[in-house]
A.B. asks: 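What follows is a single structure, and I will ask about it in a moment.
In this text the structure is predicted, and so the values were computed from the model without any measurement.
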There are 2 protein chains.
Amino acid sequence: MKPTPTSSSIEDYVKVIYSFTEWQDKPITSTQLAARLGVANSSVSEMVRKLKDQDLVEHEPYSPIRLTRSGLRLALSMVRRHRLLETYLVRELGYTWDEVHEEAELLEHAVSETFIQRMADKLGNPTRDPHGDPIPDADGHITMPPSHRLDELDAGHRGRVSRISDHNPELLRYLDEHGIGVDTELEIVGRRPFGGTLEVLAAPAGSKDMDRAVRLDLGDEAAVSLWVVTDGSHPGCTVQELTGGSLMSPHTASP
Amino acid sequence: MKPTPTSSSIEDYVKVIYSFTEWQDKPITSTQLAARLGVANSSVSEMVRKLKDQDLVEHEPYSPIRLTRSGLRLALSMVRRHRLLETYLVRELGYTWDEVHEEAELLEHAVSETFIQRMADKLGNPTRDPHGDPIPDADGHITMPPSHRLDELDAGHRGRVSRISDHNPELLRYLDEHGIGVDTELEIVGRRPFGGTLEVLAAPAGSKDMDRAVRLDLGDEAAVSLWVVTDGSHPGCTVQELTGGSLMSPHTASP
DNA sequence: CCTATTATTTCGGTGTACCTAAATAAATTA
DNA sequence: TAATTTATTTAGGTACACCGAAATAATAGG
Ligand SMILES: [Mn+2]
Ligand SMILES: [Mn+2]
Ligand SMILES: [Mn+2]
Ligand SMILES: [Mn+2]
């Protein structure tokens, strides 16, 4: 419960801890966190102790790591920064969706709260980034569409692409070349068992019937990176991730 | 002569060393460098040793510090980054000229070379920042207008404001409120001796005659922060600061 | 239930960029 | 010139964010 001097490392740790539970509910372990951050396990142990001192995470030795309320606040502010930056880079500076993640990963730690606000205003307060990920608002509210990972869906199902993991630029370029992007309509034709390819029909955003759809085989990496909302699921629920107070606190007096 | 792993500290040191000689020719001393960076003298001694190892500066103990050719290259790339960012913030995100310096001071270390290029393209490759400072082009060429500091000019002289030091936001706001900005026409009416105020007439950019000009007293801090080109001086000389190679080298493979 | 494997933490150590205090060189002044 | 003042460097130490290797806890297999 120290006075919380933040740093880009702390920001990244907290953001990764948050991201892990964004689309499923198991909390992250030390080893998983290390893998995602590209650091040694021992580094995570030390940093988690520090995060706990600063009341950003809950943690008992040898058990998974959970964000506290103020950790969640910081995480959401970083996620907001990251996704707004990605959106800005695409809309205002002509970046493609496979270029933005890396750039945003650094910029998110360097821009001021003022910058974020001006950017959000200029963009009209968008609610989805270029990969379909929801952008938390300035108060920490975030709307999660009820999505399913493509590899968990059976043949015959249809859906609209709601998000695509942005961590592999090559995959993004591949999908783009084959006409798959946010809001693309997909139908699962069939699947080869035991982690083989997934056969899908893809039609551009908005096409309700699959006439002009393209047939495509997707490998495992694509299948676990694509999320869809199935027809007839509820429109999306606003998750009140935080109550009270805006997100700007940790960054108003940063450096 | 090490393989040059750069860092934001190194970038700031080199940039400050460069800036010191941008408008006069004495090289910077250890103490002056420490003062401008806001660090202890001892920190400068250590860092200068490292800069010398990396062939970014020339330095003999107890003597002033000079950039080498590759130090100058790095410095110009940082100055370009800083000034393009300031220009972008004003033109695209509605910042005022007193807000941009601090923001650019951090962003300059975080943006990629791609970001710089896209920004420069969008702005139409500007050659002056919001404070009138010249922006080096991508090859390290920079055009310095033949400017004089206002406090070095005698009564009766006229000139056009070519640059205003951007380090004091309060001063920038003050000058702005009183109608002084880049390209304002100034005439020195008189001065109180011994560091007193300087009395000037100020007319908006473009006004050739001083009829609608405003009378104003400027204190010492304002006088040393304002630079003017006097009527009838040559139009400005392109200084070939670097020959061969573009500036992008140190940043293409940063983190 | 004991053992082997795996997960996690602890320990000792590194590089960067700072700091204060002490030592030394250079420049002034008497 | 000698003494004093000022500038600069060196010495010793801190915080941060890492690392590999060793120790320890948890889990899984027999
Ligand atoms: Mn990051
Ligand atoms: Mn994204
Ligand atoms: Mn800087
Ligand atoms: Mn400027």
A.B. asks: Any idea which heavy atoms bring Leu85(A) and Ala104(A) closest together, and the distance?
C.D. replies: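 Answer, listing the atom of Leu85(A) first, then Ala104(A): CB-CB, 4.1 Å.
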A.B. asks: Just call it for Ala40(B): base, sugar-phosphate, or nothing, with non-hydrogen atoms closer than 4.0 Å on any strand.
C.D. replies: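 Base contact - Ala40(B) has a heavy atom under 4.0 Å of at least one base atom.
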A.B. asks: If you take all heavy atoms of Asp151(A) and Arg191(A), which pair is closest and at what distance?
C.D. replies: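 Nearest pair, atom of Asp151(A) first, then Arg191(A): O-NH2, 3.1 Å.
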A.B. asks: Using a heavy-atom cut-off of 4.0 Å to chain A, what are the terminal contacting nucleotides of DNA chain D, in 5' to 3' order?
C.D. replies: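 From 5' to 3', the first and last contacting nucleotides are dC16(D) to dA26(D).
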A.B. asks: Looking only at non-hydrogen atoms, find the nearest pair between Gln54(B) and Pro5(B) and report the distance.
C.D. replies: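 For Gln54(B) versus Pro5(B), the nearest heavy atoms are OE1-CD, 3.6 Å.
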A.B. asks: Starting at NZ of Lys50(B) and ending at C1' of dG15(C), how long is that distance when rounded to a whole Å?
C.D. replies: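 These atoms are roughly 8 Å apart.
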A.B. asks: Expressed in angstrom and rounded to an integer, what is the separation of Glu46(A) atom CD from dT14(C) atom P?
C.D. replies: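 From Glu46(A) CD to dT14(C) P: 15 Å.
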A.B. asks: Between Tyr62(B) (OH) and dA27(C) (C1'), how many Å, whole number?
C.D. replies: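 My rounded result for the distance is 13 Å.
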A.B. asks: For the residue pair Tyr88(B) and Tyr88(A), categorise the inter-ring angle as parallel (less than 30°), tilted (30 to 60°) or perpendicular (more than 60°).
C.D. replies: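 Ring orientation of Tyr88(B) relative to Tyr88(A): perpendicular.
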A.B. asks: Which is true for Ser43(A) with a 4.0 Å heavy-atom rule: it touches a base, it touches only sugar-phosphate, or it touches nothing?
C.D. replies: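 Ser43(A): base contact, heavy atoms under 4.0 Å.
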A.B. asks: Centre-to-centre under 6.0 Å for His82(B) and His101(B), is that the case here?
C.D. replies: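 Yes: the rings meet the under 6.0 Å criterion.
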A.B. asks: Fit a plane to each ring of Trp97(B) and His131(B), take the angle between them on a 0 to 90° scale, and name the class: parallel (under 30°), tilted (30 to 60°) or perpendicular (over 60°).
C.D. replies: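 Trp97(B) vs His131(B) ring planes: parallel.
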A.B. asks: If you look at every strand shown and take non-hydrogen atoms under 4.0 Å, does Ser9(A) touch a base, only sugar-phosphate, or nothing?
C.D. replies: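 The residue Ser9(A) makes sugar-phosphate contact but no base contact.
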A.B. asks: Salt bridge or not between Arg118(B) and Glu99(A)? Use side-chain N to carboxylate O under 4.0 Å.
C.D. replies: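 Yes.
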A.B. asks: Salt bridge between Glu11(B) and Arg81(B), side-chain N to carboxylate O under 4.0 Å?
C.D. replies: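 Looking at Arg81(B) together with Glu11(B), the answer is no, because their closest N to O distance does not fall below 4.0 Å.
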A.B. asks: Check Arg83(B) with Glu22(B), please: is the shortest side-chain N to carboxylate O separation under 4.0 Å?
C.D. replies: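 Salt bridge present between Glu22(B) and Arg83(B).
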A.B. asks: Among the candidates dC11(C), dT20(C), dC18(C), find the nucleotide nearest to the side-chain atoms of Ser42(A).
C.D. replies: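 Out of dC11(C), dT20(C), dC18(C), the nucleotide with an atom closest to Ser42(A)'s side chain is dC11(C).
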A.B. asks: How long is the line joining CG of Leu37(B) and C1' of dA17(C), in whole Å?
C.D. replies: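 Atom CG in Leu37(B) sits about 12 Å away from atom C1' in dA17(C).
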A.B. asks: Of all of residues 25-33 of chain A, which get a heavy atom below 4.0 angstrom from DNA chain C, listed by number?
C.D. replies: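 Hits under 4.0 Å, by residue number: Thr29(A), Ser30(A), Thr31(A).
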A.B. asks: Please give, in whole Å, the distance from dG15(C) P to Gln54(B) CD?
C.D. replies: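 Rounded to whole Å, this separation is 14 Å.
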A.B. asks: Separation of Asn41(A) atom CG from dT10(C) atom C1', in whole Å?
C.D. replies: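 Distance check: Asn41(A) CG to dT10(C) C1' gives 13 Å.
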